[in-house]
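Bear in mind the structure is a predicted one, so any value in this text is a computation, not a measurement. As a basis for the values below, the full set of heavy atoms in this structure was taken, side chains included, without hydrogen atoms, waters or symmetry mates. Naming convention: chains lettered A, B, ... in sequence-line order (proteins, then strands); numbering from 1 in each chain.
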Amino acid sequence: MPGLSPQYNPKDVEERLYRQWETAGYFHADADSSRAPYTIVIPPPNVTGILHMGHALNNTIQDILIRCKRMQGFNALWIPGTDHAGIATQNVVEKMLASEGKRRQDLGREAFVQRVWQWKEQYGNTIIYQLKRLGSSCDWRRSRFTMDEGLSDAVTEIFIELYNQGLIYRGSYIINWCPRCQTALSDEEAPRQETQGKLYSIKYPLMGHEGARGKGQGARVDWKSRAPCLLSPVPAFIEVATTRPETMLGDTAIAVHPKDKRYKALVGRFALLPLVNRKLPIIADERIDRSFGTGAVKVTPAHDPLDFQLGMKHDLKFIDVMTDDGHMAGHDEVPAAYRGLDRFECRSKLVVDLERERFLGKIEEYTHNVGHCYRCQTVIEPRLSPQWFVKMKPLAEPAIRAVKEGKIRFSPKRWTKVYLNWMENIQDWCISRQIWWGHRLPVWYCKNCTQGQGVGDEGQGKSTSHAPRPAPRSPDSRVIVTRQKPERCPSCGGSQLVQDEDVLDTWFSSWLWPFSTLGWPKKAPDLGYFYPTNTLVTAQEIIFFWVARMIMAGYFCMGKPPFTRVYIHGTVRDITGKKMSKSLGNIIDPLEIIDKYGTDALRYTLVTATAIGQDIFLSEERFVAGRNFANKLWNATRFVLAQVTDGQCSVVSEKERPSTSHRSLVTDRRSVPDRWILSRLQRTIQRVTASLDECLFNDAANALYDFLWHDVCDWYLEIAKVQLAQTADSRQQTADLLVYVLEASLRLLHPIMPFVTEELWQHLWDGGQGRNVPAHSPHSIMVAEWPKVNRKLIDEEAEALFEQFKAVVGAIRNTRAELNVPNDRKTPVVLLISKNPSIRCFLDKHKALLQTLAVSTAAVLKPEEFKIQKDAIVAIVSNVEVVIPLGGFMDDKARQRLQQRVEELTKHLAQTDARLQDPQFTDKAPADIVEQNKQRRQELQETLTRFSNYLAALQST
RNA sequence: GGGCGGUUAGCUCAGUUGGUUAGAGCGUCUGAUUUACAUUCAGAAGGUCGGGGGUUCGAGUCCUCCACCGCCCACCA
């Protein structure tokens, strides 16, 4: 066998084949109006990314789709690329700097960004190389990066367009602030940690009550003995709880639930802020939890996310009481005694002061989740900060409609609801980030115009000593939004213009990905041809971050959806159901799996583990099945090649073969097993094609596995061995058929297991030293034609007969095994008795197969030709009785077996009888079901009779 | 608190529109090697389909309640 070792070794083929494909240009697609496009855009992995199982799954699925469509004749384009991943990438580079003892501030912005670019050039392609090892057939010539020139233009373009339409505005927002690093942090960078803290109750005097006249007055109230708000009709205090007493200096209201009977009367009245004597309105809001604490909450809009929202809704004052470094601010709203104190010092001092003035209620130990800086572990401070926003509601409308009208379909369907629910409650999108790596906003401020107004000075170094009242959605004439840096300020003519310090959220470039990669905002021919793309393959985690926003951007910029179908795959988990993560140490590294078992094994196993939309539980053993499958194919092909090396095989793929010029596959002279395997192949083609169309990847993989392993290898190959040893004609037919079936199967399997199928396919052509290769045949399975169903080859009769045959073989094998007949000993005579003449004829004709497959001699009789033998054992397979005279093997076991079988049959017959005698059933069940039962009853009855007779005969001895 | 998913053999999971003896792979046990493949082949054992109730002639499948596991979103004053 030329060229094929007894074992498939992925390392010998993968790299070589991938290079072949890439060199041949099979991955590349150009706009071509004579063919239909099929387009996928890759979810761009982070440049900092290292291939993990999630990537492996995600890209395997995309590659399966794209390879399948390519073979089906579509002009298939898979656009790859990477995401600049703002914060993640900045962090990586900052860590490198840290090891040199430097901070990014030491370099300055420009040098730092330069440094990140350097890093990107050097390491940013790691993930690309890894995707190639997965076999991904992306059009690498079109690879894009979210910060390359064209994509940056796209970002600027949409920003300006949104701004001009009034959909981008500047407003205040609560962010996570690290007072030590003096930087804003995303939620991901400020992970919440369970922290032991204290919950302080503070009593705020109510105005219009004696206790509210001023500090000190409260001392006269006997507040210790009772909960004033709960029991007194005119309480002196309203009591609230907080974990951060220092924020009370920024309180501007007190909130209660509108339906809370305890406080209903107080809504609309005022309380006084202890120690400060600021007048606080008491407001009602449904977001207040009546059951928490006292049910009343102090509202600090500048220092708490919920309070911020309350502040916006109820039009409250926003008072920022801290500085950038976490000290109390120096402005007038903060009493002099606390100005400049560290926030925690201030907390202690306040507690002491409140206690002294008798404003303090109980203090409880309290465990809660507090955000900490991922880098320095400092407790983060929620803080008010000016940010840029996109107004989402108008953008969401067409995106909601598209999904409702089915222009974009989710599979599994259930994500539709999740998507719609989120979209219908969409919040404005904060798009500015206080980091250096990313797209700068096309926004400039004139230093002259904005002097002393705290506008041009945002970003890192902002110091909000004043109490800014957020002005959402108010266009600001001092802001200049334009593509290029303006020469002069349009209002004052000044030339001192500074660009906004912030960069845009990473997703602000990714949401343009489906069209920015095709050339938008330029009018590229590719755009008209490849857009909208077809299927988006992604994980559920980014439906909101990415998928929904792409749909909105697609409609906004292109007026069309970015894709027509969204396939959401599951999350890859370890065998105990935990997410794979480094910190848990439960990672299975796809690259290690590739090294150990091969890429095809990895892909096969991932795909078979993917029940639609379900999470995937992986353990390393599962990859063994994939490796074994590849090896099985390898050896089956090895065997087939050994049969055709005489160069006589002339089967070629349908594409090259005019149907008249080859030996017809449809012929009466074909054996039943031949007809059967051909029929099974057609059904497999049907099933695999349909399954891939519906994204049922595991179904496609299972169908191929069952067909190739069980139908082809276990049965047909064994039968072929017999047929190959018969006449020359039979040998030729069988060899042809083997090649035909295998070749088509390889094409079907190619999208899932690209490497082993390509290698074997090429050998199949070359196996006869090149004689099988027509001059014009494709050199690669990648571009071979997808198999088509030949309905003429679907042969129900052959399928039925062959099932019968398998069952007979099974019955004989089973009996032999149970009776421990040694394997080298043929079962002397097997009598196959059937009243059905066509089955009798078939079995008689294929006795040779039975003899080999069931290690037996066989004879076929009509029932009347048979006399019950005392030393025989019987199995009845549907309408064939398998009678095995036992000779020396007869023992009690055989009798027990019969006995057991009779009991089972009796029970089953009784069940069927009961059903048939039930008038409800016969009246109401459909006729075919009733008929089916009657037939079953008939068969059972006959079988039982014969078994009983055998048994009686045996027992009479 | 809101939403979603899951519960079928020892393990991991299939199970089409309800149709009558519930399947596969792995694992276990028994047997097989002058073999395409031991990364193999043949055979066996193993399940009251999470629990209760309902609809139906008929429920793993549909409805309802409950339990447990997991995920997402919000909140944690």
Side-chain angles (χ1 to χ4, degrees), chain A residues 1 4 6-8 192 199-200 240-244 247 255 287-289 291-300 304-307 310 366-370 412 414-415 417-418 421-422 425 540-541 543-544 570-571 573 575 577-579 597 601 608-609 611 613-619 621-622 624-643 698-699 702 705-706 710 713-714 717-718 721 809-810 813-818 820-824 853-855 904-905 907-908 911-912 915 918-926 928-930 932-933 936:
Chain A
M1 271 160 283
L4 292 192
Q7 272 182 16
Y8 172 52
R192 290 171 175 274
L199 186 64
Y200 305 87
V240 302
T242 180
T243 54
R244 298 181 294 153
T247 62
R287 277 172 283 193
I288 306 304
D289 180 358
S291 62
F292 188 91
T294 60
V297 55
K298 67 192 227 13
V299 183
T300 320
D304 182 273
L306 176 66
D307 294 5
L310 294 175
Y366 186 61
T367 308
H368 59 148
N369 293 320
V370 178
R414 64 171 185 276
W415 296 109
K417 223 171 115 184
V418 177
N421 188 40
W422 187 76
N425 297 295
Q540 61 209 51
E541 291 94 25
I543 291 179
F544 307 138
T571 307
R573 300 175 188 285
I575 204 71
K578 294 198 181 66
K579 245 184 197 169
Y597 303 103
T608 48
Q614 296 297 342
D615 286 351
I616 298 166
F617 298 81
L618 278 184
S619 63
E621 302 92 74
R622 296 197 68 162
V624 173
R627 178 199 59 182
N628 293 357
F629 186 35
N631 192 56
K632 187 77 177 171
L633 278 176
W634 183 264
N635 277 291
T637 309
R638 220 156 67 95
F639 172 79
V640 171
L641 282 172
Q643 314 309 315
N698 63 330
D699 197 54
N702 287 336
Y705 181 93
D706 284 345
H710 295 122
C713 291
D714 287 352
L717 233 52
E718 294 308 314
K721 285 175 187 169
V809 171
R813 283 174 175 172
N814 174 318
T815 310
R816 286 174 53 90
E818 278 197 16
N820 285 322
V821 178
N823 215 49
D824 55 356
L853 297 185
V855 201
E904 278 169 21
L905 282 164
K907 191 174 144 201
H908 192 191
Q911 275 173 10
T912 313
R915 207 165 22 241
D918 183 351
Q920 296 272 31
F921 174 70
T922 46
D923 289 353
K924 291 188 185 169
D928 57 322
I929 298 287
V930 175
Q932 194 183 315
N933 271 268
R936 189 190 309 274

### Query
Could you give the CG-to-C1' distance, from Leu641(A) to A36(B), as a whole number of Å?
10 Å
### Message
If I pick the C1' atom on G6(B) and the same atom on C75(B), what distance separates them, to the nearest angstrom?
### Response
26 Å
### Message
Assess, by modelled atom type and distance only, whether the side chains of Asn635(A) and Arg638(A) contain a donor and an acceptor separated by less than 3.5 Å.
### Response
yes
### Query
Between G1(B) atom C1' and Leu306(A) atom CG, what is the distance in whole Å?
14 Å
### Nearest heavy-atom neighbours spanning Leu717(A) and Phe639(A)
CG-CD2, 3.8 Å
### Message
Let's see if you can work this out: which of C76(B), A36(B), G5(B) has an atom nearest to the side-chain heavy atoms of Arg638(A)?
### Response
A36(B)
### Message
Whole angstroms only, please: what is the CD-C1' distance between Gln7(A) and U40(B)?
### Response
11 Å
### Summary
Of A77(B), A42(B), C71(B), the nucleotide closest to the side chain of Gln540(A) is C71(B)
### Task
Verify side chain to side chain contact (heavy atoms under 4.5 Å, CB included) between Arg244(A) and Tyr200(A), making sure each step is shown before the conclusion.
CA-CA 8 Å; Arg244(A) 298 181 294 153; Tyr200(A) 305 87; over 6 Å; no
### Message
In whole Å, measure the gap between the C1' atoms of A74(B) and C4(B) for me.
### Response
15 Å
#### Entry: Interatomic distance at C1', A77(B) relative to A14(B), whole Å
49 Å
### Task
For Gly295(A) and Ile288(A), work out which heavy atoms get closest and say how close.
O-CG2, 3.5 Å
### Message
Counting runs of three or more consecutive pairs, Watson-Crick or G-U wobble, with each distance below 3.5 Å, where are the stems of RNA chain B?
### Response
B:1-7 with B:67-73, B:10-13 with B:23-26, B:28-32 with B:40-44, B:50-54 with B:62-66
#### Entry: Rounded distance in Å - CZ (Phe544(A)) to P (C71(B))
17 Å
### Query
Does the side chain of Asp307(A) come within less than 4.5 Å of Lys298(A)'s, by heavy atoms?
no
### Query
Side chains of Asp304(A) and Leu310(A): does their closest heavy-atom pair fall under 4.5 Å?
no
### Message
Applying ring-ring contact (aromatic ring centres under 6.0 Å, His included), can you list everything that pairs with Phe921(A), at least two apart in sequence or on another chain?
### Response
none
### Message
Using a heavy-atom cut-off of 4.0 Å across all strands, would you classify Ile288(A) as base, sugar-phosphate, or nothing?
### Response
base
### Message
If you compare all heavy atoms of Asn933(A) against all heavy atoms of Thr912(A), which two are closest, and at what distance to 0.1 Å?
### Response
O-CG2, 3.7 Å
### Task
Pick base, sugar-phosphate or nothing for Tyr200(A), based on heavy-atom distances below 4.0 Å to the nucleic acid.
nothing
### Task
Nearest-nucleotide wise, let me know which of Pro305(A) and Thr637(A) is further upstream toward the 5' end of RNA chain B.
Thr637(A)
### Message
Going by the rule side-chain contact (heavy atoms from CB on, under 4.5 Å), which residues pair with Ala625(A) if we only count those two or more places apart in sequence or in a different chain?
### Response
none
### Task
Determine the Euclidean distance between corresponding P atoms of C26(B) and C73(B); express it in Å to zero decimal places.
38 Å
#### Entry: Along RNA chain B (nearest heavy atom to each residue), the more 5'-positioned of Asn628(A) and Arg813(A)
Asn628(A)
Report each atom pair, protein N/O against N/O of nucleotides 15-20 of chain B, whose distance is under 3.5 angstrom.
unit_1 : atom_1 : unit_2    : atom_2 : d
U20(B) : O2'    : Arg915(A) : NH2    : 3.0
U20(B) : O2     : Arg915(A) : NE     : 2.6
U20(B) : O2     : Arg915(A) : NH1    : 2.2
U20(B) : O2     : Arg915(A) : NH2    : 3.2
U20(B) : N3     : Arg915(A) : NE     : 3.3

### Summary
Scanning both residues in full, the closest heavy-atom pair of Asn631(A) with Gln7(A) reads OD1-CA, 3.5 Å
### Message
Between C49(B) and G18(B), how far apart are the two C1' atoms, rounded to whole Å?
### Response
15 Å
### Message
Looking at A42(B), I'd like to know if its phosphate oxygens (OP1 or OP2) sit under 4.0 Å from a side-chain N or O belonging to Asn814(A).
### Response
no
### Query
Expressed in angstrom and rounded to an integer, what is the separation of Asn631(A) atom CG from U39(B) atom C1'?
5 Å
### Gap in Å between the two C1' atoms, one belonging to A9(B) and one to G47(B), rounded
5 Å
### Query
Residues in side-chain contact (heavy atoms from CB on, under 4.5 Å) with Pro305(A), at least two apart?
Ile174(A), Pro382(A)
### Query
Looking at Glu718(A) and Lys721(A), does any basic side-chain N land under 4.0 Å from a carboxylate oxygen?
yes
### Query
If you measure from OH on Tyr705(A) to CG on Asn628(A), what distance do you get to the nearest 0.5 Å?
7.5 Å
### Query
Mind checking the C1' distance from C29(B) to G10(B)? Whole angstroms is fine.
13 Å
What protein N or O atoms touch nucleotides 23-25 of chain B N or O atoms at under 3.5 angstrom, if any, and at what distances?
none

### Query
Using the C1' atom in both, what is the distance from G23(B) to U61(B), to the nearest Å?
15 Å
### Query
Where is the tightest heavy-atom contact between Ala630(A) and Tyr8(A), given as atom of each residue plus distance?
CB-CD2, 3.7 Å
### Query
Phosphate oxygens OP1/OP2 of G3(B): is one of them under 4.0 Å from a side-chain N or O of Lys417(A)?
no
#### Entry: Separation of G3(B) P from Trp415(A) CH2 (nearest whole Å)
15 Å
#### Entry: d(CG, Asp714(A); C1', U40(B)) in whole Å
10 Å
### Query
Which part of the nucleic acid, if any, lies within contact of Arg627(A), taking any heavy atom under 4.0 Å across all strands shown: a base, the sugar-phosphate backbone alone, or nothing?
base
### Query
In whole angstrom, what separates Leu633(A)'s CG from U40(B)'s P?
12 Å
